[in-house]
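Structure record follows, encoded as structure tokens.
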Number of protein chains: 2
Amino acid sequence: MELHLQIKMNEKLFLRDPEQSELGKKIISHSIRLIHETGFESFTFKKLAEDIGTTEAGIYRYFENKHRLLIYIVAWYWSWLEYRVTVHTNNISDPITKLKRVIRLLAANVEDDIRTSHVEENILHQIIIAEGSKAYLTKKVSKDNKDHLFKPYKDLCAKIADIILECNPKYEYPRSLSSTIIEMAHFQVFFMYNLPSLTDFGPAKDEERVVSFLEDLALNCLTKNRKASR
Amino acid sequence: MELHLQIKMNEKLFLRDPEQSELGKKIISHSIRLIHETGFESFTFKKLAEDIGTTEAGIYRYFENKHRLLIYIVAWYWSWLEYRVTVHTNNISDPITKLKRVIRLLAANVEDDIRTSHVEENILHQIIIAEGSKAYLTKKVSKDNKDHLFKPYKDLCAKIADIILECNPKYEYPRSLSSTIIEMAHFQVFFMYNLPSLTDFGPAKDEERVVSFLEDLALNCLTKNRKASR
DNA sequence: TTTTTGTGATAGTATTACTATTGTGTGAGA
DNA sequence: TCTCACACAATAGTAATACTATCACAAAAA
């Protein structure tokens, strides 16, 4: 049996749906590779076109500009991750176990998903770590947000916040803790590789240490026997 | 008595020291204003030159490119913040109180420091929130790190990590918790204003809520009466 | 069959990110 | 007092970037 996983994306993210054509899929797969190699700043549609063997104008038929393409890729990642969270927490009753699984999904290295042939998920994961926040760190955030371009991120955040509330219905900051876990799952890995003195993970470069840190952080917040501070 | 606060910056950050001339100070103050207004992506040396009333080439004599200028500004901010942390935690014995003060310094709105006439600290604070991480989220991080361009950030992180260890000498992740607090002090404020559903701070837009969240986060991690998780 | 659609090919423009050169006024040192 | 760096202004120029527009062709849909 051959399975295919296709994620429905917000239509405002693109001019022409890249999932619907060979060129479109090439744009996605090659842009992921190219952004990973050169970094988002040096990435241009011209280089991408040369890489694919098409023309600049060809890319512009799919995406307004490179920032929109980044948002598309990032949104795809969050949607895919939410799907994985759903699968991996399904049929688990203990919310703490759920949360631990989620943290591992966020911070640990990814294996390639064979059902999405044109996306290399492990490279994608590295892109999100290094470039992901650039999707929303712009003057256009609010406008883009009104177009629901960040819905997949917000959905994932809400989903994890629900698990957090299952762990402790009285916890006051489920969504902030959720976004903290998500962001730190990426930032701590980035720091570990590039600015290690901002972390306690030493030269081992092991994502499991980040997982441990985040589990400790989350569980300390949610399983408090101590009295409320004041 | 007139006080002046001058922060000694790493010489690799600039080609000519901007603190040493009127034009240099104008470059700093106007770039802060301009980046705040237009965002770092739209910010160019040409616009800056027009704003100041000099020429592009004039700016290039001080800074190699706009990314270096951003790193300079960000580094200045971290140095200034470390100085403030030192002042505000001086002569306080209780480490928990120290940590709370630090969190407030990080997340709360800033008042203008009259001793640095050419820097508007409140606007600077907003820039760091929105653009700060772009200083290191590049392909050149490791190279820039070798030039010690991020030393002020790492120093601040280490300083807060020390306070964390004072609170609980057995805590395993002082530096990661430190960088988490620093990053989240900014990101949660950014989210509160621009992507509020990633937070629990509602429409109030009050930095004090972020402070409360971070205090809760940190103190839960450091004052554990519960058993170690497994 | 006609029409639409996706693509390739080419051209062109405004802006960006620089580099290089030249001249002028100012201030420090001889 | 001379002069000699110097910081700066002014101008010019280049390669790359970020687009937009037009036309032609082939395949697929109507």
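On a predicted model such as this, the values are computed, not experimentally measured, just so you know. Protein chains get the first letters and strands the later ones, always in sequence-line order, with residue 1 at the start of each.
- Protein chain A contacts DNA chain C over a range whose 5' and 3' limits, counting nucleotides with an atom under 4.0 angstrom from a non-hydrogen atom, are C:dG6 to C:dT10.
- Here B:Lys66 lies in heavy-atom contact (under 4.0 Å) with sugar-phosphate atoms only.
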Collect all protein-nucleotide pairs involving nucleotides 25-30 of chain D in which both atoms are nitrogen or oxygen and the distance is under 3.5 Å.
none

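- The rotation axes computed at either terminus of the helix from C:dT1-D:dA30 to C:dA30-D:dT1 lie 10° apart, taking five pairs at each end and rounding to 10 degrees.
- When the options A:Met184, A:Arg104, A:Arg209 are evaluated for a side chain to side chain contact (heavy atoms under 4.5 Å, CB included) with A:Leu214, the one that passes is A:Met184.
- Checked against D:dT20, D:dA10, D:dC19, the side chain of A:Ala57 finds its nearest nucleotide in D:dT20.
- Nearest heavy atoms, B:Cys157 versus B:Ile182: CA-CD1, 3.9 Å.
- For B:His36, the ring-ring contact (aromatic ring centres under 6.0 Å, His included) criterion is met by no residue, not counting sequence neighbours.
- For B:Tyr60 and D:dT14, the OH to C1' distance is 13 Å, given to the nearest whole Å.
- The distance between atom CD1 of A:Ile59 and atom P of D:dA21, rounded to the nearest whole Å, is 18 Å.
- Counting only distance, with no hydrogens or angles, the side chain of A:Asn90 and the backbone of A:Thr86 share no donor-acceptor pair below 3.5 Å.
- Of all heavy-atom pairs between A:Asn194 and B:Ser142, the closest is OD1-OG, 3.7 Å.
- Here B:Arg16 lies in heavy-atom contact (under 4.0 Å) with sugar-phosphate atoms only.
- Contact between A:Ala185 and A:Val210 at its shortest, heavy atoms only, is O-CG1, 4.3 Å.
- Protein atom CG of A:Leu15 is 11 Å distant from nucleotide atom P of D:dC19, rounded to whole Å.
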* Show your working on ring-ring contact (aromatic ring centres under 6.0 Å, His included) between B:His125 and B:Trp78 and close with a plain yes or no. => CA-CA 10 Å; B:His125 182 232; B:Trp78 294 125; 9.6 Å; no

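- B:Glu50 and B:Lys47 are not joined by a salt bridge, as no carboxylate oxygen comes within less than 4.0 angstrom of a charged side-chain nitrogen.
- A pairwise comparison of heavy atoms in A:Ile160 and A:Ser178 identifies CB-OG, 3.3 Å as the closest pair.
- In this entry the distance linking CG of B:Asp17 with P of D:dC6 reads 16 Å, nearest Å.
- Residues from residues 37-45 of chain B placing a heavy atom under 4.0 Å of any atom in DNA chain C, listed by number, are B:Thr44.
- Within 4.0 Å (heavy atoms only), B:Phe63 reaches no atom of the nucleic acid at all.
- Under the 30°/60° scheme for interplanar angles, the aromatic rings of B:Trp80 and B:Trp76 are found to lie parallel.
- Along DNA chain C, the nucleotide nearest A:Thr54 and the nucleotide nearest B:Lys47 are compared for position; the residue whose nucleotide lies closer to the 5' end is A:Thr54.
- Counting to the nearest Å, the P atom of D:dC6 and the CZ atom of B:Arg61 are 14 Å from each other.
- Among residues two or more places apart in sequence or in another chain, the ring-ring contact (aromatic ring centres under 6.0 Å, His included) test is passed with B:Phe45 by B:Tyr60.
- Separating the CG atom of A:Leu69 from the P atom of D:dT17 is a distance of 16 Å, rounded to the nearest angstrom.
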